[in-house]
Amino acid sequence: MRLSRYFLPVLKENPSEAQIVSHRYMLRAGMIKQSAAGIYSWLPLGFKVLKKIETIVHEEQMRAGHIPMLMPTLQSADLWKESGRYDDYGQEMLRISDRHGRDMLYGPTNEELITDIFRSHVGSYKDLPLTLYHIQWKFRDEIRPRFGVMRGREFYMKDGYNFDLTKEDALHAYNRHLVSYLRSYERMGLQAIPMRADGGPIGGDYTHEFLVLADTGESEVFYDSAVTDLTFGDREIDYDSVEQCQGVLEEFTSKYARTDETHDEALFNEVPEARRRVARGIEVGQIFYFGTKYSEALGANVQGPDGKQSPVHMGSHGIGVSRLLGAIIEASHDDKGIIWPEGVTPFHCGIVNLKQGDDEADAACESLYQALTAVGFEPLYDDRKERAGGKFATMDLIGLPWRITVGPRGLKNGVVELTSRRSGESEELSPEAAVQKIVEIYANHQTGRGF
Ligand code: 5CA
């Protein structure tokens, strides 16, 4: 993409409404624009990152054997009346009536709708196990939408639902989700720690939230610092293996890590004092096992091998896709702007032309741009007639992890400069070597596809 032809409305001033750094940088980098309280338009740069995160989530869900689909945002209230949650959900649910006076709602989550689909089409244990998921906009009329996309009213969420014959099978599905979530967050350059949590309006007492540690997080968390040493890494896992998935769950959840809702002071005190931590975290996902809560209410039964009908065991599993942009920025920024991890960066690298209009510099940038594009990368080429300082400031703000700087002086010696946004370190290389270096860097990162 050539910056002169892109739509990147960066702001010079700090927007006064933004209280935390991720919200500030998303507004300043021209990623989002508020349309109403807690509701945002996703401008091209924000949309690009959103789609990269979404792609990673899709890839990891499908790798775990979960099946993508799409349910609507608007739902009929009938199913919610059947499950009993229409009254329970309270004011967070946006209720609408259509022209015929029928009660409708903008879905805050989809347990009822998916259970209805299941009961309409599945009646036998032979069709199990089954996990369906979608990534769709949700609406929760939060009393205090704040911090930009972090606590929106409209937000983008992956929600998956498993259907199993037995509790054991459903717990395996739970563990599979835990593993796939660990992989997903690591691909986004994040450490998200599974912590024992509370079921809230979804229900169930077996649930973990995934938390990214950050001072601006809304949740208070208590943990053994040893959990922060755990990484999933590039280990291969067989998602059908009960033992392997259970092993990962045990490894990642046996140390003390809880949110304030389930915090137990006595248990916490058993952690060696030097490892006890009280901090704040951003909840980027939650997994639930709630047994037969919805299947009983909605009559979603299956016939077992013994011929008997019984309600299916279920769980639901969510990732806050739009919230993740805020969480990643909270975890990865400096005072100049965002520092995108390679896995989610909107463009793989920036190209800064120090002297636009200089034949040699223009030609070198053009050929770098072509070379990178030819090997499947998306560079953002700043081809505007701007001062170098302004170009650097924009690149730093929008946070591309790598920048190639091209100027007449370097070109005289046959070199361009490759700079890491994270470390600030630069090296001089031939243009061909710079392209090769970018190829090598990204060979170690499975990046999501953007738009
Ligand atoms: N049905 C279950 C699992 S699919 C569910 O709704 N779970 S949830 O309530 O925990 O939401 C899943 C994730 O969505 C949360 O972990 C959080 O990351 C994100 N989320 C929830 N509310 C908001 C909000 N108001 N703004 C942005 N993200 C949100």
Side-chain angles (χ1 to χ4, degrees), residues 20 22-23 26 32 34 37-40 42 50 53-54 57 61 66 69 71 73 75 80 83 85 88-94 106-115 131-163 173-174 177-178 180-181 184-185 188 190 192-204 206-212 214 217-219 221 259 261 281-290 293-294 314-330:
I20 61 171
S22 56
H23 188 193
M26 286 185 79
I32 50 169
Q34 183 173 300
I39 304 177
Y40 292 88
W42 291 77
L50 186 72
I53 293 174
E54 178 180 357
V57 173
Q61 287 311 298
H66 306 156
M69 61 177 293
M71 289 176 271
T73 50
Q75 305 181 18
W80 290 72
S83 75
R85 277 209 296 182
D88 291 355
Y89 219 94
Q91 291 199 305
E92 266 192 24
M93 183 188 274
L94 182 66
Y106 194 129
T109 177
N110 284 59
E111 280 80 5
E112 282 76 0
L113 208 54
I114 195 80
T115 310
T131 296
L132 299 167
Y133 78 92
H134 73 162
I135 301 180
Q136 178 61 293
W137 294 96
K138 306 289 186 293
F139 196 94
R140 295 184 187 169
D141 205 352
E142 302 275 353
I143 190 160
R144 277 212 300 159
R146 56 183 187 154
F147 301 158
V149 299
M150 209 77 105
R151 181 160 297 279
R153 291 199 295 166
E154 188 186 49
F155 61 98
Y156 207 37
M157 178 171 113
K158 171 261 163 185
D159 41 326
Y161 304 86
N162 68 284
F163 300 92
Y174 186 93
H177 280 89
L178 181 123
S180 66
Y181 280 25
S184 306
Y185 297 126
M188 298 170 201
L190 275 183
I193 304 167
M195 300 198 182
R196 267 310 267 272
D198 180 70
I202 308 294
Y206 192 57
T207 175
H208 285 90
E209 285 180 2
F210 289 77
L211 285 119
V212 173
E218 291 186 293
S219 316
V221 296
T259 61
E261 299 141 349
I282 302 166
E283 179 206 328
V284 291
Q286 187 164 7
I287 53 178
F288 302 81
Y289 163 70
F290 43 67
K293 172 174 171 177
Y294 296 93
M314 290 175 61
S316 70
H317 315 276
I319 292 185
V321 175
S322 50
R323 175 178 288 182
L324 272 163
L325 278 94
I328 293 169
I329 297 172
E330 290 297 326

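Ligands are counted one by one from 1 in listed order, and the atoms in each one are counted from 1 as well.
In this structure, the side-chain contact (heavy atoms from CB on, under 4.5 Å) partners of Asp141, at least two apart in sequence or on a different chain, are Leu94, Phe139, Arg153.
For ligand 1, the 4.0 Å heavy-atom shell takes in Thr109, Glu111, Arg140, Glu142, Val149, Met150, Arg151, Gly152, Phe155, Met157, Asp159, Ile202, Glu283, Val284, Gly285, Gln286, Phe288, Ser316, His317, Gly318, Gly320, Arg323, ordered by chain and residue number.
Taking 4.0 Å as the cut-off between side-chain N and carboxylate O, Glu111 and Lys293 do not count as a salt-bridged pair.
When each of Phe290, Phe288, Tyr174 is tested with Tyr206 by the rule ring-ring contact (aromatic ring centres under 6.0 Å, His included), just one qualifies, namely Tyr174.
Within the 4.5 Å cutoff, the side chain of Ile114 has heavy atoms near those of the Met69 side chain.
Note: Phe210 and Tyr181 meet the aromatic proximity criterion, with ring centroids under 6.0 Å apart.
A donor and an acceptor atom, one from each side chain of Gln136 and Thr73, are nowhere located under 3.5 Å apart.
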